[in-house]
Participant: 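Take a look at this one; I'll ask things after.
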There are 2 protein chains.
Amino acid sequence: MTRYLPILEWGRQYGRDQLTSDLVAALIVTIMLIPQSLAYALLAGLPPQMGLYASIAPLLAYAVFGTSRTLAVGPVAVVSLMTAAAIGNLGITDPAEIAAAAMVLALLSGLVLLVMGIFRLGIVANFLSHPVIAGFITASAIIIATSQLKYILGIRAEGETLLLLVTSLVAHLSETNIPTLIIGVSATAFLFYVRKGLRPALQKLGLSRKTADIATKAGPVVAVALSTAAVWALGLDEWGVPIVGDVPQGLPPITLPVLDVDLWLQLLGPAVLISIIGFVESVSVAQTLAAKRRQRIRPDQELIGLGTANAAAAFTGGYPVTGGFARSVVNYDAGAETPAAGAYTAVGIALATLALTPLLHYLPKAVLAATIIVAVLSLVDLTILTRAWRYSFADFLSVAVTILLTLTLGVEVGVSAGVGLSVLLFLWRTSRPHIAEVGLVEGTEHFRNILRHKVTTHPEILTIRVDESLYFANTRYLEDYIIDRVARSKGLRHVILMCSAVNDIDMSALESLETIDHRLKDMGVRLHLSEVKGPVMDKLKRTHFLDELTGEVFLSQYGAVQTLTREGDQKDAA
Amino acid sequence: MTRYLPILEWGRQYGRDQLTSDLVAALIVTIMLIPQSLAYALLAGLPPQMGLYASIAPLLAYAVFGTSRTLAVGPVAVVSLMTAAAIGNLGITDPAEIAAAAMVLALLSGLVLLVMGIFRLGIVANFLSHPVIAGFITASAIIIATSQLKYILGIRAEGETLLLLVTSLVAHLSETNIPTLIIGVSATAFLFYVRKGLRPALQKLGLSRKTADIATKAGPVVAVALSTAAVWALGLDEWGVPIVGDVPQGLPPITLPVLDVDLWLQLLGPAVLISIIGFVESVSVAQTLAAKRRQRIRPDQELIGLGTANAAAAFTGGYPVTGGFARSVVNYDAGAETPAAGAYTAVGIALATLALTPLLHYLPKAVLAATIIVAVLSLVDLTILTRAWRYSFADFLSVAVTILLTLTLGVEVGVSAGVGLSVLLFLWRTSRPHIAEVGLVEGTEHFRNILRHKVTTHPEILTIRVDESLYFANTRYLEDYIIDRVARSKGLRHVILMCSAVNDIDMSALESLETIDHRLKDMGVRLHLSEVKGPVMDKLKRTHFLDELTGEVFLSQYGAVQTLTREGDQKDAA
């Protein structure tokens, strides 16, 4: 029972100490989350209250079903961008329809995550390689930051890809609203200062590093408060500064996602991508934070936790959510001890929807844009390109293609192509395995590549080490290699296939080995195997291959060469 | 130059001996090919002369560009079935349009093969595993045989999948034409006897095994001649026996494939599948026959040879062709020595189109159907299911899904799903690698699984051998495994990762190793590597990983344990 309801585990030992720690963390996260949730809703192309709604019920659901003690769930930048892209593709313009589509997307994401959780398919997320994730996050951050420039400039601009966005921005540049620009640029500058320069300044004033660190998280709230006050006092909205406008006051409504089969089918693909990417982002941060405190999270249960959180968003007027990186780190640093901190944050946001929404009327959109830009630019890391280039061409190609396609063709194409390419490159590499001819390292029983090490070999014995499992994609390559290699040398009597790196032999490869054995037999050469792993040997024993093999199977390569050399000497003597 | 025009190589040494051998082989193959080409055209849903046309120019093209000495190119059963399926999907009924589509399909197949040849992409064919090919061929043969029953019964029946075919056959069963049924069943029985019983009978009469073998290949021609004569003499066509009817007399026309973008796009997918499957079938038989005579074929040049053959078919009123299994074996057995035999066969078929076509008017379609049924039933091999089941579940699943989907959803879905599934199963397996804890086999320097062998271990040293390359799909699995394993045992000071089976470490895995190293360091345990392969070591040396690693990298596992044990003893002594 506690397996599926982690709250029963930590809830039983919940005491006053934890309550205090969790309340403090929740307060700080709430202050950080109010402007963030408004801003990410703007990024997703949704009304601001949907960001607030997505920060209430989902947090409560995760507190019950999630396994991370410190993950802070809610709207995040990348998922918001993907939501905007998915809804943009639908070609609808009616705000009510857009909001309905966002809720359907949340429901589908929830269902996808729950199904993955129930069938323990968390492993699917492993197919997003680090280079693809890094490339995708960097490219998304660039697109997000660019997409917010229109709010800083106070102009209209549309476009899902970088090129379209920039073209649209340039076309409307002359319409720039000067008061908006002033607000936007000052807010951005202020937030950059808060992020980079404020902490050292506060530390100089005597605050501890940690306190100073947390204090800086209130920066966006300060920017929101000051700019709202300024717009209201100076009547800047009359000068054309776009403001948030009326935000409905009150708790989230209970919503029922529309049952439109066409819409569901159109959003299913994007929902799968959003789920997997959200899951990967969330699990990475949850695992990192858990490891710091020697705790463990359970990825399959995390799928359930995030699934119920998204389903909760769908039924309370929200949109897709996941665990956020920056927010979770703040939650952790502020001392959150249990998922209850998330529940208290939800209460905080709920109070805000009850009391604060009228105050948001004069909030300039440019300030929300500034908070997004400052947050996402820290995610841009182009050094991944040079690091990958130095490490391996395959990894570089994955990063480069992911970045390039995300920027030019959009987030969905970018990440799908990245995953597809990295799988293809892996298959390509395994289909042309590294094959080494090995000999004995003198003074040991160890065999290594004759081209790299000083080794001794025997003229009648050829030992080939294949550095890959033998499977359908590389069997013909191996066949060609061995037959060509044997045909080139005279006097050979034995070929030993050293299987220390052969982790599987599938049925195609088994047939190839039979072919190789037959052909070598015709050439007067025996085929032996050495260092065959247990699981592989188990499979071979179920076939006739070992009975028909011209040679033997040796436990160790050293034993193989010793036996075969001795046999040879005896023959020569006789 | 001879690289791309193999004819320049063998043509230079062409002498009288080869001429004689090739002429004999060509004569036998021609006799076999006349009824086959008519029958396969029928199977493809095309007029009979297209089968003959596909057996002239393509053979000449392959003789110039192909590398196999004995491959017999022309219409084959599986490709004919796939052609019927591809054209069936277009939903056209006008015979002229159907013929035009078949020629476009041939041209596209030709282009796909040529492009693959130019870019040396023959390796792509390796992704068709043996189980998938075996399952696909068996299922196709069942569909083909069933599809021919309507001709044996003399009724109409349509359907691309087995279920539809059988339903349609049953629905029209009452319309069975008795004279047709008699002809069809006798022809089938006769051909089965020729295939199974005639050779022993001829051998008893004193013919050599080889001569008897070749004589049986004339069986279909005898059936065609006898049945045509019977229909003509008895006027059976008046009784409703479907006959071939008028076949245009004369050499193939020069045809220009229609330039219809929509049509081309619709046929591109099927053309890719037809090309790859045709190539695999062709290369397998070519390689087998070449190996018997210690010759080699060049798969990438084979793509060019088959590509030009298909292009030639497109421009001379033919349809997709490839190297046929049975026909090539006959060609080989009959003594063909060079591709010139194929050219002579083309001349033979050309003479037939000039002289014999009027005689084909009264040929009953039931006899052509009988030749197809007898030919393809020998391809049905359901033992592949039990063999795969015994060997491994993954291989069994590939075979079973391929057979099932080919039968129920058609050839294109079947083979695509088979390839996709076998790749997914490979990825799945590599994403959850076999991990063994190893110890020293006494009296050797060899380390094996502690669960399978009698080995000695050291309480402070844990050695883990991962039986897989470390890459993005399995790094999290490895992380979890090692951290969990180390957390469970007290007193550990060293973890050695034995990399004898690690054939690559990609960037994701490198980051995971760094994470593992950091976490182990926190637990007071050092991480070492042993037996790292040369190419992997080269990559690691380009990073900071080795500088930051808490432990060392050892050439051999034996050396690693010796050094670490000695260090431990020294510490204990001090």
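Chain identifiers are assigned alphabetically (A, B, ...) following the order of the sequence lines, protein sequences preceding nucleic acid strands; residue numbering begins at 1 within each chain.
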Participant: Can you give me the closest heavy-atom contact between A/Asp504 and B/Arg429, atom names plus distance?
Facilitator: OD2-NE, 3.0 Å
Participant: Could you look at B/Asp506 and say if it's the side chain, the backbone, both or neither that has a heavy atom under 4.5 Å from chain A?
Facilitator: both
Participant: Could you measure the distance from the OG atom of B/Ser469 to the CG atom of A/Asn503? Nearest 0.5 Å is fine.
Facilitator: 7.5 Å
Participant: Between B/Met523, B/His446, B/Glu531, who has the most heavy-atom pairs with chain A when the cutoff is under 4.5 Å?
Facilitator: B/His446
Participant: Can you check whether A/Leu555's main-chain N or O pairs, donor with acceptor, with B/Arg448's side chain at less than 3.5 Å?
Facilitator: yes
Participant: Heavy-atom distance under 4.5 Å to chain A: side chain of B/His453, backbone, both or neither?
Facilitator: side chain
Participant: Might you point out which heavy atoms bring B/Ile505 and A/Tyr391 nearest each other, and give the distance in Å?
Facilitator: O-OH, 2.6 Å
Participant: Taking all atoms of both residues into account, what is the closest heavy-atom pair of A/Ser508 and B/His130, and its distance?
Facilitator: OG-N, 2.9 Å
Participant: Given that the side chain runs from C-beta out, which part of B/Asp480 has a heavy atom under 4.5 Å from chain A: side chain, backbone, both or neither?
Facilitator: both
Participant: Taking side chain as everything from C-beta outward and backbone as N, CA, C, O, which of these in A/Ile123 sits under 4.5 Å from a heavy atom of chain B? Side chain, backbone, both or neither.
Facilitator: side chain
Participant: Within a strict 4.5 Å, meaning less than it, do heavy atoms of the B/Phe472 and A/Val423 side chains meet?
Facilitator: yes
Participant: Let's test your reading of the structure: which of A/Ser422, A/Cys499, A/Ala509, A/Ser392 forms the most heavy-atom pairs below 4.5 Å with chain B?
Facilitator: A/Ser422
Participant: In terms of heavy-atom proximity below 4.5 Å to chain B, should A/Glu479 be classed as side chain, backbone, both, or neither?
Facilitator: neither
Participant: What part of B/Ser431 is in contact with chain A, defined as an atom under 4.5 angstrom from a non-hydrogen atom: side chain, backbone, both or neither?
Facilitator: both
Participant: Could you check whether any side-chain heavy atom of A/Ile384 comes within less than 4.5 Å of a side-chain heavy atom of B/Met507, counting everything from C-beta outward?
Facilitator: yes
Participant: Minimum heavy-atom separation for A/Ser500 to B/Ala501, with atom names?
Facilitator: O-CB, 3.5 Å
Participant: For each of A/Arg432, A/Glu468, A/Arg519, A/His434, tally heavy-atom pairs with chain B at distances under 4.5 Å, and name the one with the top tally.
Facilitator: A/Glu468
Participant: Under the side chain to side chain contact (heavy atoms under 4.5 Å, CB included) criterion, do B/Gln287 and A/Thr515 qualify, and how do the steps go?
Facilitator: CA-CA 11 Å; B/Gln287 255 169 349; A/Thr515 308; over 6 Å; no
Participant: Would a 4.5 Å heavy-atom cut-off, applied to side chains only, mark A/Glu511 and B/Ser129 as touching?
Facilitator: no
Participant: If you measure from OG1 on B/Thr430 to CG on A/Leu427, what distance do you get to the nearest 0.5 Å?
Facilitator: 8.5 Å
Participant: Assess the residue pair B/Arg452 and A/Asp538 against the criterion (salt bridge (charged side-chain N to carboxylate O under 4.0 Å, His left out)); give the C-alpha distance rounded to whole Å, side-chain angles, the decisive distance to 0.1 Å, and a yes or no.
Facilitator: CA-CA 11 Å; B/Arg452 288 177 177 262; A/Asp538 291 346; 2.8 Å; yes
Participant: With heavy-atom distances below 4.5 Å as the criterion, would you say the side chains of B/Thr444 and A/Glu445 are in contact?
Facilitator: yes
Participant: Look at A/Phe127, A/Phe426, A/Tyr558 and state which one has the largest set of heavy-atom pairs under 4.5 Å with chain B.
Facilitator: A/Phe426
Participant: Do you know the tightest heavy-atom contact between B/Arg390 and A/Arg542?
Facilitator: O-NE, 2.8 Å
Participant: Is there a side-chain contact between A/Leu510 and B/Arg387 in this structure, where contact means two heavy atoms from C-beta onward sitting under 4.5 Å apart?
Facilitator: no
Participant: Heavy-atom cut-off 4.5 Å, strictly under: side chain, backbone, both or neither for A/Thr543 against chain B?
Facilitator: side chain
Participant: For each of A/Leu128, A/Thr475, A/Asp522, A/Ile483, tally heavy-atom pairs with chain B at distances under 4.5 Å, and name the one with the top tally.
Facilitator: A/Asp522
Participant: Top residue by heavy-atom pair count (under 4.5 Å) with chain A, among B/Asp484, B/Asp467, B/Asn474?
Facilitator: B/Asp467
Participant: In terms of heavy-atom proximity below 4.5 Å to chain B, should A/Gln557 be classed as side chain, backbone, both, or neither?
Facilitator: neither
